[in-house]
Amino acid sequence: MFKAFLIKYAEIGLKGNNRYIFENALRDRVQEALNGLGEYMVSKEQGRIFVECPDGYDYEETVAALKKVFGISSLCPVAVIESSEWESLTQGVGDYVEMMYPDRNFTFKVEAKRADKNYPYTSPEICIEMGAYLLHRFPELQVDVHEPSVRVTVEVRTKCYVYSIIIPGLGGMPVGCNGKAMLLLSGGIDSPVAGYMLSKRGVSLAATYFHAPPYTSDRAKQKVVDLATIVSKYTGPMKLFVVNFTDIQLYIYDQCPHEELTIIMRRYMMKIAEKLAEQENCLGLITGESLGQVASQTMQGLAATNEVCNMPVYRPLIAFDKKDIVEIAKEINTFETSIQPFEDCCTIFVAKHPVTKPSIKVIKRSEEKLEEKINEMIETALNTVEIVNVK
Ligand code: ATP
Ligand code: MG
């Protein structure tokens with residue numbers, strides 16, 4: 001019965017003169033989300049996006065795809081009435097109500113919008129006349145203009161559209177309207193959620209994963225590719241940079257106090273990710289850090305890792321409890337993959353008693369012991385980076 005979807009957006013409607021940029025981005029993201037599913041026609045129309053569906057399309061699949069597009073506040077499956085001529089409009093709306101609601105013991109209200117200002121009825125007239133028609137055709141219906149159980153919305157354009165179902169969308173902003181950032185993606189629970197959250201604000205992503213073969217397995221790397229693939233269902237395709245971190249890690253392990261390992265390692269991760277971010281024209285880094293979650297994520301620990309970066313570092317989970325992060329991970333379907341038990345490189349080189357209040361001065365002094373080879377090693381890591389195109 002539904003031949004089209006009307007897509008409503010909230011926040012992006014507020015962007016003044018730049019509004020068209022946001023609308024175009026949303027139109028493009030909607031089109032991309034549906035491309036693999038068939039020949040959908042997506043167009044921009046007066047404050048909303050309109051999707052016309054191909055014959056025989058799969059309703060559930062289409063709704064599922066649209067529910068993954070950031071920037072949609074709600075989507076309404078609509079029935080299309082080919083002619084706006086009054087007789088066929090009332091007939092069409094009546095048929096819609098008959099098919100949608102076999103049991104008609106409910107209250108309703110008609111709402112009308114008229115794009116064609118030459119239409120012989122004004123919007124209030126459409127509401128009144130259509131309401132009267134429906135009451136006459138279905139005597140069991142009752143009108144309630146204040147709190148109806150069903151709002152039947154009729155939009156008169158060249159064709160007419162009727163809908164009464166509103167499916168909530170994800171909200172946020174369309175990906176691509178807010179620049180690009182580099183996500184430090186590990187195989188854990190947090191970083192995929194962090195990437196998702198920034199992307200929800202319109203940021204497109206690239207990602208960097210540090211692996212340490214043979215200490216970390218190919219399965220651990222595959223897990224990260226899998227996580228990136230799940231996240232990309234929302235964020236769009238992304239380049240995943242896989243950095244071989246083994247030599248750097250072993251070098252730090254050899255030269256530096258073991259209780260400082262995690263912090264020093266994380267500082268080099270940030271440095272390398274920032275280099276890749278610059279190459280990719282990213283405007284910031286994203287991590288899954290959350291205050292107090294582990295030894296390296298104290299205020300002092302974060303200050304120490306932050307200190308090596310020139311770019312802003314976005315930490316959307318900074319004030320989240322683990323259980324709230326887990327909840328989002330489950331919603332976006334990364335949780336089951338994240339909890340697969342493959343070591344990531346941090347867990348292998350962790351000290352028994354890592355420093356929880358590192359002093360940047362002390363850490364820098366320890367890093368002096370790396371001076372001889374570290375720059376060369378960073379160069380090598382950057383030159384041997386593997387790129388996985390995730391989609
Ligand atoms: P996550 O669940 O995201 O792995 P975590 O709680 O395990 O986070 P840490 O291991 O301290 O925390 O890592 C903090 C952040 O550093 C991660 O959220 C991620 O952004 C980044 N990070 C850690 N390890 C890696 C890695 N091997 N490759 C890329 N980024 C990493
Ligand atoms: Mg981790």
Side-chain angles (χ1 to χ4, degrees), residues 181-199 205-213 215-217 219-225 227-228 230-231 238-246 248-249 252 260-277 282 284-298 300-302 304-306 308-309 311 313-318 320-326 328-330 332 334-351 354-356 358 381 385-386 388:
M182 178 63 78
L183 170 66
L184 281 86
L185 181 62
S186 71
I189 294 170
D190 305 329
S191 44
V193 173
Y196 169 89
M197 285 176 72
L198 253 287
S199 191
L205 299 183
T208 302
Y209 167 59
F210 295 90
H211 77 149
Y215 302 95
T216 60
S217 62
R219 304 269 318 261
K221 177 175 135 192
Q222 186 56 44
K223 176 179 163 181
V224 174
V225 174
L227 285 170
I230 298 169
V231 172
M238 72 176 99
K239 255 194 210 173
L240 170 65
F241 296 88
V242 179
V243 177
N244 188 325
F245 203 51
T246 313
I248 295 177
Q249 232 170 347
I252 302 172
E260 294 171 6
L261 266 180
T262 309
I263 291 290
I264 296 179
M265 224 173 62
R266 299 209 24 75
R267 281 163 60 92
Y268 283 102
M269 281 187 183
M270 300 296 265
K271 264 190 208 171
I272 293 172
E274 185 172 64
K275 287 249 161 47
L276 293 167
C282 293
L285 302 174
I286 307 168
T287 75
E289 288 161 313
S290 168
L291 190 57
Q293 197 188 81
V294 290
S296 59
Q297 294 175 28
T298 58
Q300 293 85 345
L302 289 163
T305 40
N306 201 58
V308 299
C309 300
M311 278 187 189
V313 181
Y314 295 96
R315 300 179 172 88
L317 304 178
I318 198 69
F320 275 49
D321 289 352
K322 193 75 185 189
K323 77 168 177 31
D324 299 327
I325 302 171
V326 165
I328 302 177
K330 286 182 175 166
I332 67 173
T334 51
F335 183 73
E336 290 302 324
T337 305
S338 289
I339 59 172
Q340 287 170 8
F342 305 117
E343 299 288 325
D344 71 25
C345 58
C346 299
T347 47
I348 282 178
F349 290 92
V350 280
V355 280
T356 54
V385 71
E386 180 196 348
V388 183

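Owing to the predicted nature of the structure, the values given are computational and were not obtained by experimental measurement. Remember, it's 1-based here, ligands and their atoms both numbered in the order they're listed. Along the sequence shown, residues carry numbers from 1.
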> Are the side chain of S296 and the backbone N or O of I263 linked by a donor-acceptor pair below 3.5 Å?
Replying inline: no
> How far does OG1 of T305 sit from CD of Q297, to the nearest 0.5 angstrom?
Replying inline: 8.0 Å
> Near G188, which atoms of ligand 1 are under 4.0 Å from a heavy atom of that residue?
Replying inline: 1 (P), 2 (O), 4 (O)
>> Under the rule for side-chain contact (heavy atoms from CB on, under 4.5 Å), what residues qualify as partners of K322, not counting sequence neighbours?
In response: I189, D190, Q293, V326
>> Rounded to the nearest 0.5 Å, what separates atom CG in L276 from atom CG in L184?
In response: 9.5 Å
> Within the structure, does I286 bring an N/O atom to less than 3.5 angstrom of an N/O atom in ligand 1?
Replying inline: no
> Atoms of ligand 1 less than 4.0 Å from S296 heavy atoms?
Replying inline: 11 (O)
> Near T208, which atoms of ligand 1 are under 4.0 Å from a heavy atom of that residue?
Replying inline: 29 (C)
>> What I want to know is whether D190 and ligand 1 share at least one N or O pair that is separated by under 3.5 angstrom.
In response: yes
>> Out of all atoms in ligand 1, which are within 4.0 Å of some heavy atom of L185? Include the element for each.
In response: 28 (N), 29 (C), 30 (N)
>> Let's go through V388 and V224 carefully: what are the C-alpha distance in whole Å and the side-chain angles of both, what is the deciding distance for side-chain contact (heavy atoms from CB on, under 4.5 Å) to 0.1 Å, and is it a yes or a no?
In response: CA-CA 11 Å; V388 183; V224 174; over 6 Å; no
> Is there a nitrogen or oxygen of S186 sitting under 3.5 Å from a nitrogen or oxygen of ligand 1?
Replying inline: yes
> What atoms of ligand 1 come within less than 4.0 Å of a heavy atom belonging to I189?
Replying inline: 2 (O)
> Has ligand 1 got any nitrogen or oxygen that is less than 3.5 angstrom from a nitrogen or oxygen of G187?
Replying inline: no
> From F241 CZ over to T208 OG1, what is the distance, rounded to the nearest 0.5 angstrom?
Replying inline: 6.5 Å
>> Distance alone, cut at 3.5 Å: any donor-acceptor contact between the side chains of S186 and S191?
In response: yes
> What about P192: any of its N or O atoms under 3.5 Å from an N or O on ligand 1?
Replying inline: no
>> Among residues at least two apart in sequence or on other chains, which ones pass ring pair (Phe, Tyr, Trp, His ring centres under 6.0 Å) with Y196?
In response: F70, Y234
>> Show the atoms of ligand 1 that are less than 4.0 angstrom away from any heavy atom in R266.
In response: 13 (O), 14 (C), 15 (C), 16 (O), 21 (C), 22 (N), 23 (C)
>> Below the 3.5 angstrom mark, is there an N/O of S191, backbone or side chain, next to an N/O of ligand 1?
In response: yes
> Roughly how far apart are M197 CE and R315 CZ, rounded to 0.5 Å?
Replying inline: 14.5 Å
> Backbone or side chain, does any N or O of M269 fall under 3.5 Å from an N or O of ligand 1?
Replying inline: no
>> Please list, in number order, the atoms of ligand 1 under 4.0 Å from a heavy atom of G288.
In response: 17 (C), 18 (O), 20 (O)
>> Below 4.0 Å, non-hydrogen atoms only: which portion of L183 touches ligand 1? Side chain, backbone, both or neither.
In response: neither
> Going by the order shown, which atoms of ligand 1 are within less than 4.0 Å of some heavy atom of T287?
Replying inline: 20 (O)
> Would a distance-only check, ignoring hydrogens and angles, find a side-chain to backbone donor-acceptor pair under 3.5 Å from S290 to F320?
Replying inline: yes
